[in-house]
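Taking it in order: structure first as structure tokens, then the write-up.
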Amino acid sequence: MATFINDASHTFNEYLLIPGFSSSECIPANVSLKTPLVKFRKGEEEPAITMNIPMVSAIMQAVSGDRLAVALATEGGVAFIYGSQSVEDEAAMVKRAKDHKAGFVTSDSNIKPDDTLSDVVALSAATGHNTIAVTDDGTSAGKLVGIVTGRDYRVSRMAPDLPVKEFMTPLEKLITAKEGTTLKEANDIIWDHKLNSLPIVDDEGRLLYMVFRKDYEAHKQNPNELLDEHKRYVVGAGINTRDYAERVPALIEAGADVLCIDSSEGFSEWQKLTIEWIRKNYGDAVKVGAGNVVDADGFRFLAECGADFVKVGIGGGSICITRETKGIGRGQATALIDVCKARDDYYKETGVYVPVCSDGGIVYDHHMTLALAMGADFIMLGRYFARFDESPSNKVSINGTYYKEYWGEGSARARNWQRYDLGGDKKLSFEEGVDSYVPYAGSLKDNVALSLSKIKSTMCNCGALTIPELQQKAKLTLVSATSIVEGGAHDVIQKDTTPTVK
């Protein structure tokens, strides 16, 4: 006979936090949102990767491209670039994100001396870059012969077919640095000579990297940005349980810092085989998360397989219809509480802490704080990030209102059959996701800042200055349907705050 769990499973919206004592130290400016991304052993100073904010982006076509990876890492989180594309295309996305700001940046705007002003204008329009390296062969590794910036030409006063060599700043007038120059030394040169950029060349004069003043200034403006040991953005990537032998090496070569198996249900031998292959070929050097699961048994299985973090959630996403079509899943809050208890038990038994990622079920910003209080180390968000400028989807106007397209990986549009793979035919037999729109919300930076301010404020109300302290001090209460109604504006006629256009 089947096992019956008679307790109802609950969602985030059915819980509230009860305020705790707030000392005078409990102000948002003092709150730290640092959190581990990957597992670590008791006694270690810190995990291999620690995030500055508890946010990662979902492994979805409509969410996580290279632009969002850069924007999210700038704020202190990690994007997992979607894997439902060719190995080559995903690796290229990872590489673009890793190269976007490295301190030492491989130049991706290059031109030959015999090219023309028209070529310069077209290249600048295509890349958005105003600094273009002139090399003998027009590649990023060619012999440097000059630099072209917006100060070297005026389109209105120069012929379109004028060769680049006629108006570029030639090498003999440039200040360059040799291979082996440290980032600090490069920035000192930039500041001492009032430069906007500094080319780094080898002994033969071949261009290796560019160092930009704006990158130094951007770092000062974004103190939470998440960088690797080479000052490059930390970038994640999704993999599946079919082509990992080809995909993983390509992603690691491209510079991916952490991988995650993208699957709707992770309590399976397919995930075990994938992790075993990674450990056999890379040991613990390659970090890989796994999931999704909804109970203690699923967590322990993946932890014992060697997962670096475990994702929790089946059917709770806004575009997911797995529960409707297959009848599997669990309320996100209940699933998270169960798994986080299993994580803590596993840590006590083994001394290994395996972080838990809550994936799905976030409707309002305060749900993020609830997820953290219930034990999540970080949160994976899809719809939330799909609304922003930096997501890969199109912005469309419908009846005068802007929206962003947002579709599930289990939809006919995505056709990500690998995510729902059960070892059968290589196809999506039926849909487990929908194609939709979400209201356009502007830039990632502004919205993330607002959401984090709410999280920090609520943590202060609970008397907590760190996520572990929140989890220790939090008091949560179930609420009735009537209480949920009471929690919003009610029994009033709200003013229309829509501006009137005259």
Side-chain angles (χ1 to χ4, degrees), residues 55-75 77-101 108 125-129 226 232-240 247 250-251 254-260 262 264 317-320 359-360 362 379-398 401-419 428 431-448 451:
M55 289 182 172
V56 300
S57 67
I59 311 168
M60 300 176 68
Q61 294 174 7
V63 177
S64 296
D66 49 293
R67 280 190 67 208
L68 193 124
V70 169
L72 184 50
T74 300
E75 300 309 309
V78 174
F80 284 89
I81 289 175
Y82 67 91
S84 51
Q85 57 180 323
S86 71
V87 173
E88 294 76 17
D89 287 347
E90 186 181 9
M93 274 194 178
V94 170
K95 190 175 188 308
R96 284 198 297 272
K98 293 298 292 186
D99 288 347
H100 181 87
K101 174 176 179 283
D108 59 0
T127 63
H129 298 159
L226 193 60
R232 301 177 300 177
Y233 287 123
V234 173
V235 178
I239 61 173
N240 62 68
R247 192 173 294 268
L251 295 175
D257 299 277
V258 58
L259 307 176
C260 184
D262 183 25
S264 66
S318 60
I319 42 68
C320 184
D359 179 16
I362 301 295
I379 305 147
M380 180 169 276
L381 301 155
R383 180 194 62 85
Y384 178 87
F385 287 119
R387 304 172 300 148
F388 303 150
D389 288 317
E390 295 84 358
S391 73
S393 64
N394 293 321
K395 183 171 74 171
V396 297
S397 176
I398 302 175
T401 301
Y402 282 108
Y403 297 86
K404 292 275 283 187
E405 295 178 316
Y406 180 45
W407 59 95
E409 290 296 292
S411 67
R413 180 171 183 173
R415 294 210 161 273
N416 182 5
W417 63 268
Q418 295 96 332
R419 188 175 200 275
L428 194 68
E431 289 185 278
E432 293 189 44
V434 300
D435 198 343
S436 64
Y437 300 101
V438 289
Y440 167 66
S443 73
L444 179 146
K445 184 179 184 66
D446 292 341
N447 284 276
V448 166
S451 297

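For the residue pair M55 and S451, the shortest heavy atom distance occurs at CE-CB, 4.1 Å. In terms of heavy atoms, A237 sits closest to L251 at CB-CD1, 3.8 Å. When all heavy atoms are compared, the tightest approach of A62 to S391 is O-CB, 3.7 Å. Across every non-hydrogen atom of F385 and V56, the tightest pair is CE1-O, 3.6 Å. Residues G255 and V94 approach most closely at C-CG1, 4.1 Å, considering heavy atoms. Heavy-atom minimum distance, A79 versus A69: CB-CA, 3.4 Å.
Annotation: the span from L259 atom CG to I59 atom CD1 amounts to 9.5 Å, rounded to 0.5 Å. With rounding to the nearest 0.5 angstrom, the CG atom of L381 is 11.5 Å from the CE atom of M60. Atom OG of S443 and atom CZ of F388 lie 8.0 Å apart (nearest 0.5 Å). The distance from the CG atom of L68 to the CG atom of D389 is 10.5 Å, given to the nearest 0.5 Å. With rounding to the nearest 0.5 angstrom, the NZ atom of K95 is 15.0 Å from the CD atom of E88.
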For Q85 and Q61, what are the C-alpha separation, side-chain angles and deciding distance, and is it a side-chain contact (heavy atoms from CB on, under 4.5 Å)? CA-CA 8 Å; Q85 57 180 323; Q61 294 174 7; over 6 Å; no
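The backbone N or O of A441 lies less than 3.5 Å from a partner atom in the side chain of N447, making a donor-acceptor pair. At distances below 3.5 Å, at least one donor-acceptor pair connects side-chain atoms of K98 with backbone N or O atoms of Y233. Judged by distance alone, with hydrogens and angles left aside, the side-chain atoms of R247 form a donor-acceptor pair with the main-chain N or O of G83 at under 3.5 Å. Within the 3.5 Å criterion, the main-chain N or O of V70 finds a donor-acceptor partner in the side chain of T74. For E90 (side chain) and G238 (main-chain N/O), a donor-acceptor pair under 3.5 Å exists by modelled atom type.
Qualifying side chain to side chain contact (heavy atoms under 4.5 Å, CB included) partners for D66, counting only residues two or more places apart in sequence or in other chains: M93, R96, A97. Residues forming a ring-ring contact (aromatic ring centres under 6.0 Å, His included) with Y82 (at least two apart in sequence, or on another chain): none. Every residue two or more places apart in sequence or in another chain was checked for a side-chain hydrogen bond (donor to acceptor under 3.5 Å, both in side chains) with E390, and none qualifies.
Residues I379 and I362 are in side-chain contact: their nearest non-hydrogen atoms beyond the backbone lie under 4.5 Å apart. Looking at heavy atoms from C-beta onward, V396 lies out of side-chain contact with Y440 at the 4.5 angstrom threshold. Between Y384 and V448 there is a side-chain heavy-atom pair separated by less than 4.5 Å. Side-chain atoms of D257 and V235, non-hydrogen and from C-beta on, do get closer than 4.5 Å to each other.
For OH of Y437, the number of neighbouring non-hydrogen atoms (other residues, nucleotides, ligands) closer than 6.0 Å is 12 at most.
No donor-acceptor contact under 3.5 angstrom links the side chains of Y406 and S393, judged on distance only.
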